[in-house]
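Here the structure is laid out as structure tokens; the discussion comes afterwards.
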Amino acid sequence: MKLVVTSWNVNSIRMRLDHVTRFLTDQRPDVLCLQETKCPDDRFPSAAFKALGYHHMAINGQKGYHGVAVLSRLPFTSTNVMGFCDKNDSRHIAVTLGTGAKAAAGVTIHNFYVPAGGDIPDPALNPRFAHKLAFLDELMQWQDRAKPTASPSILLGDLNIAPYEADVWNHKALLNVVSHTPIETARLEEFRQTSGFVDAIRQLRPIPEKVFTWWSYRSPDWAAADKGRRLDHVWVAPALASSVTDSSISRETRGWERPSDHVPVSITLDL
DNA sequence: ATGTCTCTAGCATAGAGA
């Protein structure tokens with residue numbers, strides 16, 4: 001069977017409901033993982049997704065900020081939420097697909113929204129950047145404790161870091177810009193390599209191809225200027241790496257009316 | 001360099017965060 005999994009930071013699920021239903025109708029991924037839903041759980045627009053065949057949902061939202069959710073056509077056997085940095089932020093939810101998911105049964109998907117980190121790339125001056133770095137440290141501790149790649153797992157989401165030179169429009173211009181500073185790119189790469197996760201997008205689109213998933217709202221000519229960054233990622237455990245047969249960056253959604261600043265990132269697994 | 005979008009509080013608009 002083919003399993004299509006998508007990650008999308010929608011910047012408010014209620015403002016973007018028409019975009020999400022359009023994407024689900026057009027692309028029909030099996031699983032859609034959302035970040036920045038900015039929506040309390042009791043106000044999550046579940047009915048619209050159920051009407052499209054996405055009967056299985058896992059939601060970890062809060063009022064105003066952050067928030068993650070998983071919409072799925074395949075059933076879960078379990079869901080799990082982790083907290084980080086002693087905050088109540090909604091930045092993670094995991095689901096494990098159940099036997100009803102056939103060949104995908106047992107696959108765990110971790111959906112993350114890593115802190116953006118503010119503007120000043122100095123943890124001594126900027127508590128938001130300190131929080132981002134501490135979050136990455138806790139991710140490192142988590143992989144050491146939980147060994148997520150020992151099972152068939154996927155880690156995806158808005159990691160708010162563009163780790164490689166080919167992940168930004170201008171490497172040198174962004175070296176001191178939060179999302180591409182050496183301290184955070186090194187920390188993310190150390191986490192990925194130690195955990196063993198494989199960057200599924202880069203496996204299919206190797207460096208030096210430029211790959212972007214985010215374009216700032218402040219760039220009115222975003223498509224022509226193309227000053228993007230790859231902030232959204234899909235990683236797979238080594239046991240799944242050879243099953244990844246395709247990837248898709250749905251850049252067209254950035255051109256829709258009143259878009260998110262992030263676009264959907266998808267992989268196809270042949271299981 | 002600080003342009004745009006979305007949220008909350010609270011009722012018009014300012015501040016925070018991304």
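Chain letters run A, B, ... following the sequence lines, proteins first and then strands; every chain starts at 1.
- A/K227 and A/D221 are not joined by a salt bridge, as no carboxylate oxygen comes within less than 4.0 angstrom of a charged side-chain nitrogen.
- Out of B/dG17, B/dT8, B/dT4, the shortest distance to the side chain of A/R14 is found at B/dT8.
- One C1' atom belongs to B/dC7, the other to B/dA12, and the distance between them is 16 Å to the nearest Å.
- Comparing A/D119 and A/D261 along DNA chain B, the residue whose closest nucleotide (by nearest heavy atom) sits nearer the 5' end is A/D119.
- One atom, OH of A/Y65, and another, P of B/dA16, lie 9 Å apart when rounded to the nearest Å.
- At least one test fails for A/R230 against the ring of A/W214: distance under 6.0 Å to the centre or angle within 45° of the axis.
- For the pair A/H262 NE2 and B/dT6 C1', the interatomic distance rounds to 13 Å; values are reported in whole Å.
- Between the CD1 atom of A/I120 and the P atom of B/dA18 there is a distance of 13 Å, given to the nearest Å.
- Look at NZ on A/K38: it is 15 Å from P on B/dA16, rounded to the nearest Å.
- For the OP1/OP2 pair of B/dA9 and a distance below 4.0 Å, the side-chain nitrogens and oxygens of A/K63 include at least one atom meeting the criterion.
- The shortest distance between the side-chain N/O atoms of A/R128 and the OP1/OP2 oxygens of B/dG17 is below 4.0 Å.
- As a whole-Å value, the separation of A/F129 CZ from B/dA18 P is 13 Å.
- If you look at A/W169 and A/F212, their ring centroids are not closer than 6.0 Å.
- The cationic group of A/R22 lies under 6.0 Å from the six-membered ring centre of A/W256 and within 45° of the ring axis, placing it in a cation-pi geometry.
- For the P atoms, the distance linking B/dG15 with B/dC11 amounts to 16 Å, nearest Å.
- Between A/R16 and B/dT6 there is a side-chain N or O to OP1 or OP2 distance below 4.0 Å.
- Between A/M15 atom CE and B/dT4 atom C1' there is a gap of 12 Å when expressed in whole angstrom units.
- What separates CG of A/N176 from C1' of B/dT2 is a distance of 16 Å, to the nearest Å.
- Of the listed nucleotides (B/dA18, B/dG17, B/dC5), B/dC5 has the atom at the smallest distance from the side chain of A/Y217.
- With respect to A/E190 and A/R187, no salt bridge is recorded, no charged nitrogen being found less than 4.0 Å from a carboxylate O.
- Taking the nucleotide of DNA chain B with the nearest heavy atom to each of A/N160 and A/N11, the more 5' of the two is matched to A/N11.
- With distances taken from any side-chain atom of A/A116 to the nucleotides B/dA18, B/dT8, B/dT6, the minimum falls on B/dA18.
- At the phosphate of B/dC5, neither OP1 nor OP2 sits under 4.0 Å from any side-chain N or O atom of A/S260.
- Between A/R254 atom CZ and B/dC5 atom C1' there is a gap of 10 Å when expressed in whole angstrom units.
- Separating the C1' atom of B/dG10 from that of B/dA14 is a span of 12 Å, rounded to the nearest Å.
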